[in-house]
Amino acid sequence: MDGDWTLGYGERSKQRAQDGDFIFSKEHTDTFSFRIQRTTEEDRGDYYCVVSAWARQRNDSWAKSKDVVSKPVHIFWASEDSVLVVKARQPKPFFAAGNTFEMTCKVSSKNIKSPRYSVLITAEKPVGDLSSPNETKYIISLDQDSVVKLENWTDASRVDGVVLEKVQEDEFRYRMYQTQVSDAGLYRCLVTAWSPVRGSLWREAATSLSNPIEIDFQTSGPIFNASVYSDTPSVIRGELIKLLCIITVEGTALDPDDMAFDVSWFAVHSFGLDKAPVLLSSLDRKGIVHTAPRDRKSDLSLERVGELEFLLQVHSSEDQDFGNYYCSVTPWVKSPIGSWQKEAEIFSKPVFITVKMDVLNAFKYPLLIGAGLSAVIGLLSCLIGYCSSRWCCKKEIQETRRERRRLMSMEMD
């Protein structure tokens, strides 16, 4: 505060002063007051004031005569660690597929000032793919302002099948309607406590994960397995690659009309399984085929050739089509009440496909072309030599009369 009561702010305190956290006033002629409305841990420390005295000069100007610094006041309080505990429970017993799953999460906290909570529902599901044995998915969340958001819930037919709501200030409820066998797994509540800082700003105080609630279907239904077979594990470039995804059913016998399958084909273009798999083509339970875009000349086709067999064909194969091929199958089973239940996804073991080059066909045309050029060049060389010897290099030889002597002449010798 200047001598004319004009207030000045430091760079780090300007925003908080404008928000009303800092109040600086002059109560009397010789008394000044400073107040912090909403303290944080950053406000701990030593506070002191500096008073500057100004004297009037003869020409009515003011000049600073002296600065006086007060003794510091030590402001400190011991901070305690924030504690956040989340307990999940299942109010109603869960029996079979098609029922409603319900889970409540009770939150308790300590040493957190005026907390608000955000909740995230997670599901840990066992999967049988080649990359990892477990997978954690985020289903639905609710932030500290009670705004609900679907996370990785991608089932289009069950968009409204999950609900997360705030029952009390410290209690939340999650519901899943028309559960399916594929929903089996461990469900938890991930809760974050937020504490107000100033104005409409919040800071994260603590985060805690609840105990798991398991969805386990004890059924005596069929067990599905998948395998891949190929009668063309080694082909020549340009030939057709045929791959069969064969599904076997163990246990309870089902009517073919009560089963449907989502089938997807993947390829790992390497000798091992160290690279990421590439989705080739998929066929859903309604018979619709989706083929991934390709940047090569070979083409793909996928069709159902039997009740439990699905054929993938690679037409006009190339060298880049070698690698490990496998299929993933998601069974759908019709329940006694007529609804379709989604089973857990299964994966087949990979089969390795090699693409070789046809050496004879690859060198046939170059060899024919080379032989033809060699013959033409040889004939042309003979023709040129004959013409040169016939017309260009002809010499007349004059025969001399030989003497009739017993010895032959030197020319005859």
Side-chain angles (χ1 to χ4, degrees), residues 123-138 152 154-155 182 184-185 223-250 260-285 287-306 308-332 342-359 362:
E124 182 179 342
K125 299 182 179 182
V127 294
D129 61 357
L130 303 174
S131 58
S132 61
N134 295 313
E135 182 181 9
T136 300
K137 292 185 178 181
Y138 298 156
N152 294 334
T154 56
D155 195 341
S182 59
I223 299 175
F224 295 93
N225 295 305
S227 61
V228 174
Y229 170 76
S230 176
D231 56 359
T232 57
S234 179
V235 298
I236 298 175
R237 186 175 59 182
E239 291 184 350
L240 179 66
I241 301 175
K242 291 184 178 181
L243 295 159
L244 269 177
C245 183
I246 304 173
I247 304 171
T248 57
V249 184
E250 300 177 2
F261 304 96
D262 292 336
V263 179
S264 299
W265 279 94
F266 298 88
V268 180
H269 296 296
S270 65
F271 292 98
L273 299 175
D274 51 347
K275 292 186 178 181
V278 178
L279 175 63
L280 300 178
S281 183
S282 63
L283 185 145
D284 62 13
R285 61 191 178 104
I288 301 176
V289 178
H290 300 277
T291 302
R294 297 170 61 82
D295 56 353
R296 55 192 65 179
K297 296 181 180 179
S298 59
D299 198 8
L300 299 174
S301 64
L302 176 58
E303 57 183 335
R304 184 175 185 176
V305 295
L308 300 175
E309 294 182 357
F310 297 84
L311 176 63
L312 175 71
Q313 299 183 92
V314 182
H315 304 270
S316 303
S317 59
E318 295 181 302
D319 297 338
Q320 297 85 354
D321 291 321
F322 85 100
N324 292 277
Y325 288 76
Y326 67 93
C327 65
S328 70
V329 179
T330 303
W332 292 79
K342 185 179 180 181
E343 302 285 332
E345 186 178 13
I346 56 177
F347 294 84
S348 70
K349 292 184 179 180
V351 60
F352 188 75
I353 301 297
T354 58
V355 181
K356 300 179 181 179
M357 183 178 63
D358 190 353
V359 179

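Positions are given from 1 along the sequence.
- Between E345 and S328, the closest side-chain pair of non-hydrogen atoms falls below 4.5 Å.
- Here the closest heavy-atom approach between residue F310 and residue L283 is recorded as CE2-CD2, 4.0 Å.
- By the 4.5 Å heavy-atom criterion applied to side chains, E318 and K297 are counted as neighbours.
- Contact check for L312 versus C245: no side-chain heavy atoms found under the 4.5 Å cut-off.
- Side-chain atoms of I353 and S230, non-hydrogen and from C-beta on, do get closer than 4.5 Å to each other.
- Between F271 and N324, the closest heavy-atom pair is O-ND2, 3.7 Å.
- Annotation: the span from E343 atom CD to D262 atom CG amounts to 12.0 Å, rounded to 0.5 Å.
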Report the C-alpha separation of S281 and V289 in whole Å, then their side-chain angles, then the decisive distance to 0.1 Å, and conclude whether the side chain to side chain contact (heavy atoms under 4.5 Å, CB included) test is met. CA-CA 7 Å; S281 183; V289 178; 3.7 Å; yes

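- Under the 4.5 Å side-chain criterion, counting only non-hydrogen atoms from C-beta, T232 is not in contact with E239.
- Minimum heavy-atom separation, H269 to Q320: ND1-O, 3.3 Å.
- One finds the CZ atom of F261 at 13.5 Å from the CG atom of D284 (value rounded to the nearest 0.5 Å).
- The two atoms that bring A344 and P331 nearest to each other are O-CD, 3.5 Å, heavy atoms only.
- Here NZ of K342 is found 6.0 Å from OG1 of T330. Values are rounded to the nearest 0.5 Å.
- Here the straight-line distance linking atom NE2 of H290 with atom OG of S282 works out to 5.5 Å at 0.5 Å rounding.
- Scanning both residues, H315 and L300, for their nearest heavy atoms gives CD2-C, 4.4 Å.
- L279 CG to F266 CZ: the interatomic distance, rounded to the nearest 0.5 Å, is 5.0 Å.
- Two residues are said to be in side-chain contact when any heavy atoms from C-beta on lie closer than 4.5 Å; D321 and R294 meet this criterion.
- Atoms CG and OG1, on L280 and T291 in that order, are 9.0 Å from each other to the nearest 0.5 Å.
- A salt bridge links D319 and R237; the closest N-O separation between the charged side-chain nitrogens and carboxylate oxygens is under 4.0 Å.
- Side-chain contact between V329 and F224: absent, with no pair of heavy atoms (C-beta onward) separated by less than 4.5 Å.
- The side-chain heavy atoms of Y326 and P277, taken from C-beta on, include a pair separated by under 4.5 Å.
- When all heavy atoms of V263 and L302 are compared, the pair lying nearest together is O-CD2, 4.5 Å.
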